[in-house]
Amino acid sequence: MSIISQLEQIALELDGTLVYDDLHKILYATDASAYRIFPLAVAFPKTEQDIARIITFAAKHQISITPRTAGTSLAGQTVGNGIIVDVSKHFTAIKAFDAAAQTVTVQPGVIRDELNLYLKPHGLFFGPNTSTSNRCMIGGMVGNNSSGTTSIRYGVTRDKIIKIKAVLSDGSTAVFENITTAEFEQKMKGSTLESQIYRTLFEELSNKEQQLEIKREFPKPEIHRRNTGYAVDILLQSELFGGTNTYINVGQLLCGSEGTLAFTTEVTLKVDVLPPANNVMVVAHFDSVQESLEAVVTAMKHHLYTCELMDDTILDCTKTNREQAKNRFFIQGDPKAVLMLEVASEISMQDAEKQADALILDLQQQNFGYALPKIYGDDISKINELRKAGLGLLGSIVGDDKAADSIEDTAVELSDLPNYIADFSAMMERHGQSAIYYAHAGAGEIHLRPVLNLKTKEGVHQFRNIATEVAILVKKYRGSLSGEHGDGIVRGEFLPFMIGAKNYELLKRIKKAFDPNGIMNSGKIVDALKMDENLRVEAGREEPNIATIQDFSDSMGILRVAEKCNGSGDCRKLPSAGGTLCPSYRATRNEKDTTRARANALREYLTHSEKENKFDYKELYEVFELCVSCKACSSECPSNVDVAALKSEFLYQYQKTNGFSLRNKIFAYNARLNALGSITPKITNWIVNLPLVKNKMGVAKERTVPHLAANTFRSWLSKQKRKKTEFPNGKLVLFVDEFTNYYDVQVGIDAYELLSALGYEVLIVDHEESGRAFISKGFLEQAKAIANTNVAIFSGFISEDLPLVGLEPSAILTFRDEYLRLADDVEKAKEVAAHTHTIEEFFKLEITKGKISSKNFSDKEKQIKIHGHCHQKSLSTIEATFAMLNLPKNTTVTIYNSGCCGMAGSFGYEKEHYEISMQMGEDTLFPKVRNTANSTAIAAAGTSCRHQIFDGTSRQALHPVSILRDCLL
């Protein structure tokens, strides 16, 4: 029987699913590391019995099993050539909670921040806090023994392990928890695999010579963040092996074992009381990285809660990231490094201030730092978010030179840190290299990344050489080559050197006891794969030349746009994490529907396809299908991977070969068809909403096709007589987009009358539609023609004193986004973009200039809730809407944290996408709207948003312009 037939058979036996199609193999061939290994299949088990069946099958056929949760591992732990077992979809339950005992039992697919949301009402939290905490999962944290920013106060994951339930390599189940010496001895009796494991551990670790070898060669015990090999040194702390602990927990050995010993199905964790609410962060600015690290020893005398470092490379990356640019407000001057030092008090804010002042004084007396500002409240959270984005931000570096994860996770004793870094810097100088530093400096752990081009043989050669020399350097200080990210592939082969040959052989024997057939995540920790093989990119390859209609030269081509994605998985965060990214993943919870998946798939096909049209793959169509082009990835993804731009290019290239469907033509040419339909709008509205017609167009039966207005906005305007001749506030050009002209005519009228009443001369010129529908459906030749026409019309016409202002965000923001990729004359396009604003942005600017104030509006009380259009949130700002609607004195305005509405132009009307569209709305927006009082006005600038809100909640949302027009005196 062929292996495919065998996979088909095991798939039928599962409650969950097992797939082995090319697309899933591509998506699971990578994680957040530098590696790419195609699996045989990907499984999504629903039950513990599923996992046992898969493991039994794998043992029978000698196939490796690789556990995976969010796939944010940096050392290649979650890639392998066997079966990837993804528990992130179904193993997501919090099974038990004991507030009094401060324990919680969870399945491995529970997200760390989701767990803390559950614990928060009880005044508790799970302390280890990784930079990926809003999408990383407990299973992965246990596998890697994660720690993060809080370890100096709350310890690492291993410290929190109370009990681990796991499936062993023979399909049997075992529970590892605190047991006494007598209980350990009892477990050694019997013929089960579990009994054999306990016997092996006893025999190996009772050996006095072996104990001395472990104590001599393993990292210093003072280094709390150490993930070098298996944690046999921790087990030696038990009285069973001559230590002082009265208990022993083999679960501590599983923690950090990267799924190479057993498959975790449940974890019971010790949780802590929430940190004090009174906190102050001192952000120390330094002229050199060396100075900042020397300052750590002084800073750590002050009982810090966090002590984190970022260098200027990461800080510079924040300048071009739309989301993180807002979070660099604290930067003074041009520091080479900053330390984020947080103090906190249970007593009072005054006590926290006293601690911060003492810290500052101590640093000043030691001449450390040229600026030491204090940060408070929500601003601390903003700085922490910037710190968490560090790894992803490095992906935004343009070109093939990237921050490489070869020496990414070293930890030394705190007192050794300055000398270690001095030695490291000297070594890098010998290699003609500069490194990127970001660190959990207070724990002695530095994330060091050389900038290498792994597409070249020389770059790969340096990748190994630098890693080897750093291993020697870390060994010199008896440090840990892995502080928190694990050995995996990138560090696994250095283990014999780091812990000595005898200890390495011990690890192999322990692995053999747990996993006699060698199926549990093979190639990691012991018998590790080579660290410079199986890389994402092939060294020395000829770079594909891929012609595109859009201009991707800002990233050196479309392939390098996709290559920016380093797999950090920010697109897997859930609605509770805030933001919009990624709406389709939030609705389906399928890796296939992440931004990361789209970038990975496109990178794979563009790199390895031999077709003339490298975009011509149904797998690419499948992975892009649920992308709603919300643009959240272009701002919330730290690497700035604009998948919306990638999707429109893909659709164009794919449809050139496979044809443009009738429905896509109807939606793409919607504005031109509306010009005809608006001649007899009543008849048109009746026809397009007939069930038969909707079905033929592929429109969901549950939707009402938007009605054309009785008169277009332009026809209304042509009948108006100018009522004023003086306009003290100047002029503006109103862009009459295709939605305002044909559907939302009243919005256009409200805008015209509002602006006129406020003293502005509103100019209307003949121009083309925005081209939004053409862009979203991949009709890029038509969109390009429109962009060129509109740029020609407005270039040299609009200016700072005569801005172009638009009402529909998705339409007006094309001038600032897609036109810059489509227009032939890029400089003129940039000139136009510089003077183009949403109506909300225009109001905020005019408020700042003092031209518009509350005196123009009534004092009546009004409650307003704002739902922001996705393109506003990504390319503009919702704060502008907030400022605009706060003009009337007695309005109370708040902004929904509402994600994507799910309509996304035509997407929500398409019958096969209707349910997904509504699920996107249900994720955050619909419940918030339903909980909003009927007397409260709901503001939504997007026409799609307003329709979706009505369809999902029966509430009528209004454009901000219409709400403000109603408030005029």
Side-chain angles (χ1 to χ4, degrees), residues 1 3-21 23-25 27-28 31 39-71 77-96 105-111 137-143 163-176 192-194 251 254 257-268 514-522 572 588-593:
M1 185 182 291
I3 189 63
I4 296 299
S5 298
Q6 292 166 347
L7 289 171
E8 289 174 348
Q9 182 60 43
I10 186 64
L12 292 173
E13 297 173 12
L14 301 178
D15 294 317
T17 55
L18 182 143
V19 295
Y20 40 86
D21 57 280
L23 178 57
H24 278 90
K25 290 179 183 180
L27 303 186
Y28 283 85
D31 50 14
L40 180 66
V42 182
F44 303 93
K46 278 189 175 180
T47 64
E48 190 176 286
Q49 290 73 27
D50 275 355
I51 293 173
R53 290 185 190 109
I54 293 166
I55 289 175
T56 303
F57 172 84
K60 178 181 177 181
H61 298 284
Q62 284 296 291
I63 297 168
S64 176
I65 292 292
T66 299
R68 176 163 168 149
T69 51
Q77 295 98 322
T78 62
V79 295
N81 63 6
I83 300 176
I84 306 293
V85 184
D86 184 346
V87 295
S88 69
K89 188 170 178 66
H90 300 301
F91 280 72
T92 58
I94 296 174
K95 303 285 285 186
T105 300
V106 301
Q107 291 183 312
V110 171
I111 293 173
M137 297 172 178
I138 299 300
M141 295 185 76
V142 171
K163 180 166 60 178
I164 290 179
K165 185 179 182 183
V167 178
L168 302 180
S169 64
D170 66 349
S172 63
T173 300
V175 174
F176 301 98
T192 65
L193 179 58
E194 181 183 8
L254 294 186
S257 67
E258 304 174 8
T260 62
L261 300 180
F263 198 116
T264 298
T265 58
E266 277 186 21
V267 187
T268 301
F514 274 90
D515 182 21
N517 294 308
I519 64 166
M520 303 303 292
N521 206 9
S522 58
R572 286 180 62 106
T588 69
R589 309 294 167 90
N590 292 327
E591 172 70 23
K592 176 182 73 68
D593 300 317

Does the side chain of [Y] come within less than 4.5 Å of [X]'s, by heavy atoms?
X      : Y      : answer
Phe44  : Asp50  : no
Asp15  : Gln49  : no
Pro45  : Val87  : yes
Ile51  : Phe91  : yes
Ile519 : Ile55  : yes
Leu261 : Met520 : no
Pro516 : Leu193 : yes
Lys60  : Gln6   : no

### Sequence-distant partners of Asp593, side-chain hydrogen bond (donor to acceptor under 3.5 Å, both in side chains), two or more places apart
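For Asp593 the side-chain hydrogen bond (donor to acceptor under 3.5 Å, both in side chains) partners, ignoring immediate neighbours, are Thr588.
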### Message
Using the side-chain hydrogen bond (donor to acceptor under 3.5 Å, both in side chains) criterion, which residues pair with Thr17? Sequence neighbours excluded.
### Response
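Expected list: none.
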Interatomic spacing from [atom1] in [X] to [atom2] in [Y] - rounded to 0.5 Å:
X     : Y      : atom1 : atom2 : answer
Ile83 : Thr66  : CD1   : OG1   : 9.5 Å
Gln62 : Asn517 : CD    : CG    : 5.0 Å
His24 : Lys592 : NE2   : NZ    : 7.0 Å
Arg68 : Asp31  : CZ    : CG    : 6.0 Å
Gln77 : Asn521 : CD    : CG    : 8.0 Å
Thr92 : Ile138 : OG1   : CD1   : 12.5 Å

Heavy-atom pair with the smallest gap, counting every atom of [X] and [Y]:
X      : Y      : answer
Thr78  : Gly71  : OG1-CA, 4.0 Å
Tyr28  : Val79  : O-CG1, 4.1 Å
Met137 : Gly109 : SD-O, 3.4 Å
Pro108 : Thr264 : CG-O, 3.6 Å

### Task
Could you please spell out the steps behind the side-chain contact (heavy atoms from CB on, under 4.5 Å) verdict for Ile3 and Ile63?
CA-CA 11 Å; Ile3 189 63; Ile63 297 168; 3.9 Å; yes
Between [X] (side chain) and [Y] (backbone), is there a donor-acceptor pair under 3.5 Å?
X      : Y      : value
Ser522 : Ser64  : no
Thr265 : Lys165 : yes
Asp21  : Leu23  : yes

### Task
Could you please spell out the steps behind the side-chain contact (heavy atoms from CB on, under 4.5 Å) verdict for Leu14 and Ile54?
CA-CA 8 Å; Leu14 301 178; Ile54 293 166; 3.9 Å; yes
### Task
Give a yes-or-no answer on whether the side chains of Ser88 and Arg572 include a donor-acceptor pair shorter than 3.5 Å.
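Checked: Ser88/Arg572 side chains pair up, N/O donor to acceptor below 3.5 Å.
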### Message
Ring-plane angle category for His61 and Phe57, please: parallel below 30°, perpendicular beyond 60°, tilted otherwise.
### Response
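Aromatic pair His61/Phe57 classed tilted.
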### Task
Report the C-alpha separation of Lys163 and Glu266 in whole Å, then their side-chain angles, then the decisive distance to 0.1 Å, and conclude whether the salt bridge (Lys or Arg N to Asp or Glu O under 4.0 Å) test is met.
CA-CA 8 Å; Lys163 180 166 60 178; Glu266 277 186 21; over 6 Å; no
